[in-house]
Asks: 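Structure incoming, see below.
The structure presented is a predicted model; accordingly, all values stated were derived computationally and were not measured. Order of listing sets the numbers, starting from 1, for every ligand and every atom in it.
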Amino acid sequence: MEDLVDHWEQRLRERLAEPAPQPMGLATGRTMDPFYRLLVQRLRSWPQKDFERLRQGWLSFNLDEYVGLTAAAETSFAATMRRHLGEPLALRSDQLRLPDGAASDPEAEAERYASALQMAGGLGIQLLGLGINGHVGFNEPPCSDAVRCRVVQLSDATRRQNAEDFATDPRGVPLQAITIGLGEILAAGEVHLVVTGAAKAAILQKVLCAEPTPAVPASWLRQHPRLWVWADAEALALVRATAMPEAPQEVPGLY
Ligand code: GLP
């Protein structure tokens with residue numbers, strides 16, 4: 001995780017020098033908790049002047065939000081982002097953007113969010129976690145590489161995976177979400193897929209070792225010219241066991 005934080009820290013430094021930097025694309029999920037904790041520590045150690053400039057210029061768009069949850073709801077991704085970044089970095093809510101899960105017309109909200117992202121310049125550096133069924137954001141399988149920001153139905157697998165935040169009851173997990181699509185993600189400047197733990201080993205093998213397919217939405221990421229995969233040894237176990245032309249440990253970004 002330190003290497004990933006080094007990389008983002010470097011990109012954030014470079015961003016300071018850009019006249020009109022593209023927004024960052026951010027993700028939620030337990031995988032990201034240590035990343036945000038370490039990143040905040042790092043940024044707080046910057047000289048005050050640089051830290052202030054970074055804070056003033058911050059603009060990020062999160063991938064997704066549950067339909068039906070207000071930003072104030074503790075289980076919303078908006079609340080997660082406030083805890084991880086908004087409060088520690090003292091960011092305004094308009095600097096840390098997410099779809100509005102409580103919008104009365106979710107389809108219209110998905111369109112509004114997509115246009116806001118486009119108006120802001122599209123995604124620059126994008127952080128991604130991996131769902132146990134191969135989703136990124138909430139792009140559930142099957143899913144083409146061209147889908148845009150929209151309202152989606154959450155699968156049973158995803159609702160089970162995310163039940164921990166809802167008193168461990170999958171029935172408490174909302175049925176729908178608004179998510180940025182593979183189309184917008186593949187247009188990002190740089191993509192970082194972060195995968196940890198043995199529970200993700202089987203799906204990571206499908207993502208990296210099989211042909212890209214709608215059945216594994218994250219497999220489309222392999223079309224991206226600047227994809228980084230940051231995976232720990234547990235998540236990589238089956239990839240390492242698969243005959244691959246090059247040793248995965250020699251691929252930058254894998255650890
Ligand atoms: C949710 C998010 C995804 C995230 C996934 C992985 O479903 N919508 O963006 O990648 O969770 O979650 P975790 O990191 O908790 O395994």
Side-chain angles (χ1 to χ4, degrees), residues 1 4 24-39 60-69 71 73-81 83-85 96-101 106 110 113 117 123 125-141 143 147 149-168 170 172-186 188 191-204 206-208 216-221 227-232 234-236:
M1 210 48 93
L4 172 64
M24 294 164 266
L26 299 181
T28 47
R30 281 172 294 279
T31 312
M32 301 306 159
D33 294 355
F35 170 75
Y36 289 128
R37 200 172 52 244
L38 285 168
L39 185 68
S60 56
F61 281 72
N62 263 71
L63 286 165
D64 44 21
E65 181 60 281
Y66 291 113
V67 167
L69 296 189
E74 274 308 291
T75 46
S76 69
F77 289 154
T80 306
M81 293 312 292
R83 280 194 299 272
H84 283 315
L85 290 182
L96 205 52
R97 300 197 192 173
L98 296 97
D100 177 3
Y113 193 64
L117 173 59
L123 296 163
I125 185 168
Q126 174 69 55
L127 189 65
L128 291 176
L130 179 64
I132 218 87
N133 61 356
H135 75 212
V136 285
F138 271 134
N139 291 280
E140 298 278 50
C143 163
V147 286
C149 185
R150 68 207 183 287
V151 176
V152 291
Q153 306 295 322
L154 297 180
S155 66
D156 291 346
T158 294
R159 294 175 73 225
R160 278 196 303 276
Q161 183 184 348
N162 290 3
E164 201 177 295
D165 293 336
F166 296 84
T168 68
V173 180
L175 291 162
Q176 293 183 314
I178 297 173
T179 185
I180 284 181
L182 256 305
E184 285 107 346
I185 293 171
L186 289 172
V191 173
H192 294 268
L193 178 67
V194 190
V195 192
T196 55
K200 305 267 178 82
I203 192 65
L204 186 60
K206 288 189 184 150
V207 170
L208 295 182
V216 183
S219 64
W220 297 123
L221 298 175
L227 168 67
W228 293 67
V229 181
W230 304 84
D232 65 7
E234 286 79 15
L236 273 178

Asks: Is it true that Glu74 and Arg83 have a side-chain N and a carboxylate O under 4.0 angstrom from each other?
Replies: yes
Asks: When you measure from the side chain of Asn62 to the backbone of Pro99, do you find a donor-acceptor pair of N or O atoms at a distance under 3.5 Å?
Replies: no
Asks: Can you find a pair of side-chain heavy atoms, one from Arg97 and one from Met81, that are under 4.5 Å apart?
Replies: no
Asks: Only one of Asp165, Asn162, Thr75 forms a side chain to side chain donor-acceptor pair (under 3.5 Å) with Tyr66, so which one is it?
Replies: Asn162
Asks: Heavy atoms, side chains only, cut-off 4.5 Å: are Trp220 and Val147 in contact?
Replies: no
Asks: Ignoring hydrogens and geometry, is there a side-chain-to-backbone donor-acceptor pair from Gln161 to Gly131 under 3.5 Å?
Replies: no
Asks: For ligand 1, what is the set of protein residues having any non-hydrogen atom at a distance below 4.0 Å?
Replies: Thr28, Gly29, Arg30, Thr31, Asp64, Gly129, Leu130, His135, Gly137, Phe138, Gln161, Asn162, Lys200
